[in-house]
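Okay, so here's the structure we're looking at.
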Amino acid sequence: MTKKGAPKKAASAVKSNQAKLPELPELARLGVNIDHLATLRQLRGTPYPDLVQAVRVVEDAGGDQITVHLREDRRHIQDDDVRAIRKKIRVPLNLEMAATPEMTRFAVQVKPDWICIVPEKRNEVTTEGGLDLKKGASRVAAVIRAAKKAKIRVSLFVEPSEQAMLQSAALEADAVELHTGRYCLAAQGSLGKKSKALERAEFMRIERAARLGRSLGLHVHAGHGFDLENVRPVAAIVDPATGRPLIAEFNIGHFLVCRAALVGMEQAVREMVAAIRAP
Ligand code: PXP
C-alpha cells in the first residue's frame, strides 16, 4: 500500500464498519500470562510450580483471563499444561501460537476461548515484533477459518500501525493485540538517550492504532513489556463516545512473575524456616 493511498483506504474501511463496533467493557480486563512459571519448572524439570494451582491463584486475585504461549520448541508451556488448564479453568483461556497447521490442529482439539496468533522465531528470547500480515496472510487466514469453524475467537499480535489495523480487519480477525514492546522499553529508559522522545512517539502510535482498530470493528488488546508504571497511560486511553477504556484487554506476564517472586518471597521463606526448624 502506498503512503498516499493509505488514509483514503482507512477512511472508507472505517465508514463500512461503523455499524458493528464491538462493545467496550466498563473496566479493562487483565490476561495473566503464566509462561514464565513454566520456564522456572522447565529449568530444573521439577513437578513444581503447579500451573493449575497458579491458575486458581490468578482467578482468586481477580485476573480475568489466563494466557499461555505454546511455542514450537516447547521451551516453557507443554501440550499437557494447556490440556490440564483447559479442564480446570474458570476464566477464559487465551492460547498464543504460531500460524502453523500443527498448532491449529492442537487448538481446534483443546478449544481455548481465544487464539492469539503470534510470529515465532526459534532463537528469539521473546516475541520480537508483530505479525507480517503481507507475507503471512494466507497462513493467518487459514488459522482464522479453522478457528471460526471451531467457534474460537482470534486476535492477531501486530505492530501498532495503520497498515496492521487495515490488514487485520481485512482478514476478519476478531481482535488485534498491539505489540507494546518498544513503548515499554522506552518508558523504562532502556532505549538510550532517545528514550523519552521514543516513549512519546510510541505512545502516540499505540493510541492512533487503537482508535483506528476500534473504528474498523476490531476488539483492541495490548501486551508485551508492561510493568506497574508504563501500563497506566495506555490503560487511561478512553473511547470518547463511551468514556470506556479503548483497550479492552491487557496480557501481561514477565513483570507479574518477577513481582510475584518478590512479594511472595516472605511467605516462602517463612514456610521453609518452619519446615527445617520443626520438621
Ligand atoms: N502478549 C503476547 C502476544 C506475547 O507474546 C507476550 C509475551 O509472551 C505477552 C503478551 C506478555 O508479554 P510480557 O511477558 O512482556 O508481559
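Just so it is clear, the structure is predicted and the values come from calculations on it, not from any experiment. First listed ligand is number 1; within each ligand, the first listed atom is number 1.
A salt bridge between R105 and E102 is absent, with no side-chain N of the basic residue lying under 4.0 Å from a carboxylate O of the acidic one. At a threshold of 4.0 Å, the pair D35-R71 does not count as salt-bridged, since none of the basic side-chain nitrogens sits closer than that to a carboxylate oxygen.
Every residue two or more places apart in sequence or in another chain that forms a ring pair (Phe, Tyr, Trp, His ring centres under 6.0 Å) with F157 is listed here: H179. Considering only residues two or more places apart in sequence or on other chains, F250 meets the ring pair (Phe, Tyr, Trp, His ring centres under 6.0 Å) condition with F226.
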Return all side-chain donor-acceptor pairs below 3.5 angstrom for residues 143-153, not counting sequence neighbours, or 'none' if the list is empty.
from : atom 1 : to   : atom 2 : distance (Å)
K148 : NZ     : E172 : O      : 2.8

May I have every N or O pair linking ligand 1 to the protein at under 3.5 Å, one per line with atom names and distance?
from     : atom 1 : to   : atom 2 : distance (Å)
ligand 1 : 1 (N)  : E96  : OE2    : 3.3
ligand 1 : 1 (N)  : E177 : OE2    : 2.5
ligand 1 : 5 (O)  : E96  : OE1    : 3.2
ligand 1 : 5 (O)  : T127 : OG1    : 3.1
ligand 1 : 14 (O) : H254 : N      : 2.8
ligand 1 : 15 (O) : G225 : N      : 2.9
ligand 1 : 16 (O) : G253 : N      : 2.8

Candidate pair T67 and N33, rule side chain to side chain donor-acceptor pair (under 3.5 Å), full reasoning: CA-CA 4 Å; T67 296; N33 181 317; 5.8 Å; no
